[in-house]
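Down below is the structure, laid out as structure tokens.
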Amino acid sequence: MKQELEQAIDHLCKELLGIGVDVELTRSEEQFGDYATNVALRLAKELNANPREIAEKIASKLYHAAIAKTEVAGPGFINLTLTDDALWSLSGQPPAQTLAGKQVVAEYSDPNPFKVLHAGHLYTTITGDAIAKLLETAGATVHRLNYGGDVGLHVGKCMWAIVRFLEGEHPKKLEAVETDKRLEWLSERYIEGNNAYEADEQAKAEIVAINKRVYQLHTNNDHDSDFAQIYWTGRQWSYDGFDRLYDQLQITPFEKYIPESEVTPVGIEMVQKGLAQGVFEESDGAIVFKGEPHGLHTRVFLNSGGLPTYEAKDLGLAALKWQQYNFDLGVIITANDIVEYMKVVLKVLEHFYPEVVKRSKHFTHGVIKLPGGIKMSSRKGNILRAIDILEAAHEANKTTNGHDNQQTVLAAIKYAFLKQRIGGDIIYDPAESVALEGNSGPYLQYAHARARSILAKAKTADSGQLTVDSLETGERSLLRKISEYTEVVDRSVQEFMPHHICTYLYELAQTFNSFYEHNRVLGDPRELTRLRLVQKYADTLKNGLQILNITAPERM
RNA sequence: GGGAUCGUAGUUCAGUUGGAUAGAACGUCAGUUUCCGAAACUGAAGGUCGCAGGUUCAAGUCCUGCCGGUCCCA
């Protein structure tokens with residue numbers, strides 16, 4: 001309907017003024033009506049005419065069954081007020097299927113085996129899942145991928161400490177570690193290895209050697225040696241631990257993990273091929289890409305020891321994803337410290353797969369901090385871990401609300417992360433996130449439960465008449481807000497930004513609460529109409545929360 | 001030193017291809033419960049949109065310079 005109206009206005013412009021414009025109706029403040037357009041203002045210059053006169057000209061000729069009132073206001077806006085009927089049919093519609101049939105690959109979370117899952121991983125996990133769901137809402141098929149470093153220096157550090165802890169390469173001794181302690185146990189070993197690497201020259205040399213052995217174990221496909229058994233067990237423990245956390249978070253499961261070891265040979269091969277083709281050059285024994293001619297910087301792809309860097313691996317990863325999925329759209333979400341790095345990798349990738357670069361979107365986010373200002377540093381042990389966030393939220397929920405409900409805590413964390421535009425740093429305040437007052441996940445859950453409770457109490461055979469037209473002010477405000485839903489989702493899809501949905505849902509809940517406060521539903525002569533509204537509202541709220549992967553409980 | 005990015009109320013954040021009086025939340029202050037869930041609602045105070053220029057009928061939004069923060073590269 002919105003499109004119809006836009007086309008009608010575009011038509012009028014051509015007919016009356018001889019100029020076509022790209023008309024976009026925007027939602028206006030309630031006092032001005034339902035939709036507004038600034039076409040007259042934009043055309044004024046071109047036509048060298050008074051914008052208000054142009055607006056009047058268009059407005060006076062604009063007729064549509066859905067329009068109840070047309071007004072010219074301010075410097076030359078055309079304000080449209082829809083009929084109540086039109087508002088009803090506008091609300092409750094499914095979002096536009098703009099991505100129907102599209103194959104999307106979404107890569108996010110990306111924790112490293114043998115290391116701890118930190119707050120940043122938690123953030124991309126939740127945000128990535130929401131973006132994936134958002135795209136699914138628009139009709140896309142989304143493949144959720146999780147990429148992580150199962151090779152590399154951090155693995156060397158961890159393996160070194162494990163072997164030391166076990167007093168030799170004794171895989172059998174691993175059995176002593178309890179199942180639910182494994183992830184924590186591994187991250188403790190990593191910290192030990194990391195500290196030794198920095199403090200002790202001999203340990204450093206040993207770790208470098210072990211790191212090489214890990215790579216070798218992959219090339220030799222070694223699953224039998226004692227060293228290999230320790231490694232594979234450790235890797236599996238990591239994946240199991242990650243899966244447990246994802247399960248706990250109630251996010252959509254990943255389609256698969258892509259381990260770094262799998263993409264490494266692909267990446268190396270690409271670098272060698274690229275070297276022969278003149279994409280790379282040798283420099284002090286390393287293979288580098290000179291980014292300066294492209295306004296970028298130089299980066300190493302194979303180091304002087306012949307080992308692939310992150311760059312080479314990312315190249316392999318991109319190639320592998322493309323070969324396996326042939327996607328229409330590739331979405332990657334990472335921290336924003338690698339934006340420059342990513343540009344170089346994409347520039348190189350352009351040489352191999354220009355199509356992939358065109359179809360890829362890289363979103364980045366900032367650092368996750370607690371209000372005190374603790375910053376993550378993945379080197380030392382004193383980082384903000386994912387479970388620290390979860391624990392802080394549980395703790396806050398207990399002290400603020402006097403109980404500890406998993407659904408509330410999850411809603412609190414997810415909503416706190418998602419309500420902010422993706423890009424900047426996030427200051428996560430546990431107390432604020434679980435609060436039932438204010439712009440929080442639990443507030444929305446409560447707003448939903450309240451509405452459902454009314455519906456549950458309504459008797460089936462009901463008094464009152466259904467009057468879809470001639471709505472009262474409060475009723476109309478609520479319906480007007482509900483009718484915005486699909487437009488908000490569409491915009492979120494276009495921008496890949498779930499936070500628009502958060503902002504909207506909060507406004508929606510506020511509108512409802514205000515309506516609820518001032519209008520009796522049950523037993524009122526207008527009961528049937530109002531129940532219909534409450535139903536639409538609750539469904540809309542639930543649908544929106546679903547995109548964010550937040551539950552909408554009937555009771556709480 | 002080069003590059004990226006951000007700077008909006010005391011705090012945390014929204015702000016549509018440039019559009020109407022810059023909006024929320026928390027906090028502060030003042031109110032609202034015989035009645036559908038007060039875990040709610042109503043209202044008030046609080047702003048040089050970092051600073052200075054420029055483009056435009058119109059700038060928080062675009063351009064230039066400067067200041068400040070964060071990150072990347074050497």
Pull out every stem in RNA chain B, meaning runs of 3 or more consecutive Watson-Crick or G-U wobble pairs with both distances under 3.5 Å.
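Only these stems qualify: B:1-7 with B:67-73, B:10-13 with B:23-26, B:28-32 with B:40-44, B:50-54 with B:62-66.
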
Is any side-chain N of the basic residue among A:E495 and A:R491 closer than 4.0 Å to the acidic one's carboxylate O?
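Judged by the 4.0 Å cut-off on N to carboxylate O distance, A:E495 and A:R491 do form a salt bridge.
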
Look at A:K369 together with A:D429 and state whether they make a salt bridge at an N to O cut-off of under 4.0 Å.
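Salt bridge absent between A:K369 and A:D429.
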
Check: A:H154 ring centre within less than 6.0 Å of A:Y197 ring centre
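No, the ring of A:H154 stays outside the 6.0 Å limit from the ring of A:Y197, centre to centre.
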
Taking any heavy-atom pair under 4.0 Å as a contact, classify [X]: base, sugar-phosphate, or nothing.
X      : answer
A:N79  : base
A:E495 : nothing
A:A447 : nothing
A:E507 : nothing
A:Y443 : sugar-phosphate

Can you check the [X] [atom1] to [N] [atom2] distance for me, whole Å?
X      : N     : atom1 : atom2 : result
A:E340 : B:U70 : CD    : C1'   : 14 Å
A:L296 : B:G2  : CG    : P     : 17 Å
A:E6   : B:U16 : CD    : P     : 18 Å
A:L418 : B:A25 : CG    : C1'   : 17 Å
A:Q420 : B:A25 : CD    : P     : 17 Å

From [options], nucleotide with atom closest to [X] side chain:
X      : options             : result
A:H499 : B:A20, B:U21, B:G15 : B:G15
A:V339 : B:A14, B:A4, B:A20  : B:A4
A:R299 : B:G3, B:A39, B:C73  : B:C73
A:H403 : B:C71, B:A39, B:A14 : B:A39
A:Y506 : B:A25, B:C41, B:C72 : B:A25

Using the [atom1] atoms only, state how far [M] lies from [N], rounded to an integer number of Å.
N     : M     : atom1 : answer
B:A25 : B:G46 : C1'   : 14 Å
B:C62 : B:U17 : C1'   : 12 Å
B:A45 : B:G23 : P     : 13 Å
B:G65 : B:A4  : P     : 11 Å
B:U21 : B:U28 : C1'   : 24 Å
B:G60 : B:A52 : P     : 13 Å

Return the 5'-most residue of the pair A:N401, A:G438 with respect to RNA chain B, ranking by each residue's nearest nucleotide.
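This one resolves to A:G438.
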
Report the residue (A:D425 or A:D337) whose heavy-atom-nearest nucleotide on RNA chain B is the more 5′ of the two.
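Result of the comparison: A:D425.
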
Anti versus syn assignment for B:U12, with syn defined as within 90° of 0
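Anti conformation here, the glycosidic angle of B:U12 being more than 90° from 0.
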
Please determine whether a side-chain nitrogen or oxygen atom of [X] lies at a distance below 4.0 Å from atom OP1 or OP2 of [N].
X      : N     : value
A:Q494 : B:U16 : no
A:N513 : B:C41 : yes
A:T503 : B:A24 : no

When you check every protein heavy atom under 4.0 Å of nucleotides 31-38 of chain B, what one-letter string (B, S, -) results, 5' to 3'?
----BBBS

So which protein N/O to nucleotides 54-60 of chain B N/O distances come out below 3.5 Å?
| from | atom 1 | to | atom 2 | distance (Å) |
| --- | --- | --- | --- | --- |
| B:C57 | OP1 | A:K45 | NZ | 3.4 |

Side chain to side chain, A:K290 and A:T298, heavy atoms closer than 4.5 Å:
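Touching, per the 4.5 Å side-chain cut-off.
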
